[in-house]
Amino acid sequence: MSFAVPDGVRPIRDAVYAFMTERVEPAEPVLHAGGPEAAAALDELRAEAKKEGLWALGHPRELGGGGLPFLDYVYVNEVQGRSEFGQLALGTFTLQDSLMLHEHASPEQRERYLEPLVRGDIWPSFAMTEPSISSSDPTQIRTAAVLDGDEWVINGHKWFTTGASRAAYTTVMCRTEQDAPPHLAFSMILVPTDTPGYRIVRETPVLGLDGAHCEVRYEDVRVPAANLLGPRGHGFVIAQQRLGPGRIFHCMRWLGQAQRAFDLMCRRLQERTAFGEPLAKKQLMRQHVFDSYADIQAARLLTLHAAEAVDAGSQARVEIGAIKVVGARTLHNVIDRAIQVYGAAGLTPDTPLDRMYRHARAGRIYDGPDEVHIDAVGRRILGEYAAGGNWEFGLR
């Protein structure tokens with residue numbers, strides 16, 4: 001394994017890097033402000049991405065995407081992650097939902113949702129988290145669906161349904177089986193957001209940022225029985241298929257954010273002077289560079305190792321659990337050091353660091369809190385020893 005981007009991926013990665021640094025990042029102030037100007041700016045970016053062949057690069061070619069192989073897309077996703085708007089501008093924010101539908105959707109579902117998703121004509125949303133239960137144990141999910149004739153009737157309460165306020169539909173994880181084992185008791189059901197009884201309570205701010213994380217109530221929501229996604233009772237199976245590669249995508253985007261923070265920090269150290277010399281001459285400042293270099297390199301190798309394991313057909317439970325924790329911590333710590341180097345300026349919107357820092361803190365919670373992944377990784381490794389084996393790093 002090499003840290004370096006493979007030669008065959010370099011041209012498309014360079015093109016995405018240029019698009020991000022020359023167009024998306026300069027547009028961030030307008031995009032952050034919201035309103036008609038932000039919508040117009042995003043539409044312009046999306047049109048440019050399509051024109052330049054940079055649209056939906058990770059989506060399968062048969063769906064109208066760029067058809068990049070998984071490992072190739074991992075490297076591209078790294079630079080796409082430099083900005084929170086990268087996925088929106090380049091049409092990859094639908095990737096997890098598109099792959100899920102590609103694998104499990106019926107022909108009718110594919111026509112209604114999958115094709116418009118890849119084109120960027122509609123937005124998806126995904127509902128699993130509930131405010132009344134611990135998300136670390138999703139078998140407690142209380143939202144339930146009962147089959148009444150040829151319709152599912154859904155009642156429940158979800159939150160952190162990201163993008164629901166602008167989505168065409170929500171994929172809802174809900175209990176459909178009463179007597180089945182816990183991990184076979186839940187199903188995925190597609191619910192159009194204009195269905196009667198689907199009520200958005202609020203968009204929940206996260207650390208002061210409005211990210212369309214919606215709280216939604218389902219009050220006798222009726223949808224056709226044909227809106228079931230995949231086999232009945234297989235909601236957790238589908239969720240795991242969705243979350244594994246999704247966590248790798250998250251971690252690679254976090255590395256893009258960490259790279260951007262690292263660049264900002266190092267340039268600041270060269271440009272800023274104190275006591276008659278650049279900050280780069282101060283040993284304590286060099287400590288920040290060293291620590292961030294080591295963190296980024298370690299997280300990047302762990303993430304690429306996990307991606308290779310997934311690409312080879314492994315579920316890579318240990319590898320993915322480890323990178324989720326290490327990646328989120330790395331992002332947080334690298335940005336934190338960059339803010340320290342900037343001093344008071346780092347606390348203001350004059351740099352992107354203040355928003356990046358708040359997003360980074362949330363990374364240690366969503367897609368499973370650190371504690372769940374740490375416990376699962378430790379349990380699986382110790383299980384190897386309990387069975388008489390070991391965990392030989394050189395062979396894994």
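Every heavy atom of this structure was used, including side-chain atoms; hydrogens, water molecules and symmetry mates were not.
- A261 and L353 get closest at one heavy-atom pair: CB-CD2, 4.1 Å.
- Under a 3.5 Å cut-off, the side chain of R337 and the backbone N or O of H288 do not form any donor-acceptor pair.
- Legend: side chain to side chain donor-acceptor pair (under 3.5 Å) pairs involving residues 184-196, not counting sequence neighbours, sorted by first then second residue: T176-S187.
- Applying the side chain to side chain donor-acceptor pair (under 3.5 Å) test to every pair with at least one member in residues 177-186, sequence neighbours left out, gives these pairs: E177-R232.
- Between R13 and D72 no salt bridge is recorded (no basic side-chain N to carboxylate O distance below 4.0 Å).
- The backbone N or O of W55 lies less than 3.5 Å from no partner atom in the side chain of K50, so there is not a single donor-acceptor pair.
- R10 CZ: 12 or fewer foreign heavy atoms inside a 6.0 Å radius.
- Between Y366 and F160, the gap from one ring centroid to the other reaches at least 6.0 Å.
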Check step by step if side-chain contact (heavy atoms from CB on, under 4.5 Å) holds for I122 and L117.
-> CA-CA 5 Å; I122 64 173; L117 271 185; 3.9 Å; yes
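- Scanning for side chain to side chain contact (heavy atoms under 4.5 Å, CB included) contacts around H359 gives E84, L209, R355, with sequence neighbours left out.
- Here R46 pairs with nothing under the side-chain hydrogen bond (donor to acceptor under 3.5 Å, both in side chains) rule; sequence neighbours left out.
- Annotation: side chain of D14 is not in contact with side chain of V79 (no heavy-atom distance under 4.5 Å).
- The shortest distance between side-chain heavy atoms of F19 and Q80 does not fall below 4.5 Å.
- Residue pairs satisfying the salt bridge (Lys or Arg N to Asp or Glu O under 4.0 Å) criterion with at least one member in residues 27-40, sequence neighbours excluded, are listed as follows: E28-R260.
- By the 4.0 Å N-to-carboxylate-O rule, D263 lies close enough to R82 to be salt-bridged with it.
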Using the side-chain contact (heavy atoms from CB on, under 4.5 Å) rule, take T330 and I296 through it: C-alpha gap first, then chi angles, then the decisive distance, then the call.
-> CA-CA 7 Å; T330 294; I296 292 171; 4.3 Å; yes
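- For E219, the CD atom is densely surrounded, since the number of other residues' heavy atoms within 6.0 Å is greater than 12.
- At distances below 3.5 Å, at least one donor-acceptor pair connects side-chain atoms of K324 with backbone N or O atoms of G368.
- The stretch residues 377-392 participates, sequence neighbours left out, in these side chain to side chain donor-acceptor pair (under 3.5 Å) pairs: D375-R379.
- At least one donor-acceptor pair under 3.5 Å links the side chain of R286 to the backbone N or O of A280.
- With no hydrogens or angles considered, a side-chain donor-acceptor pair links T143 and E130 at under 3.5 Å.
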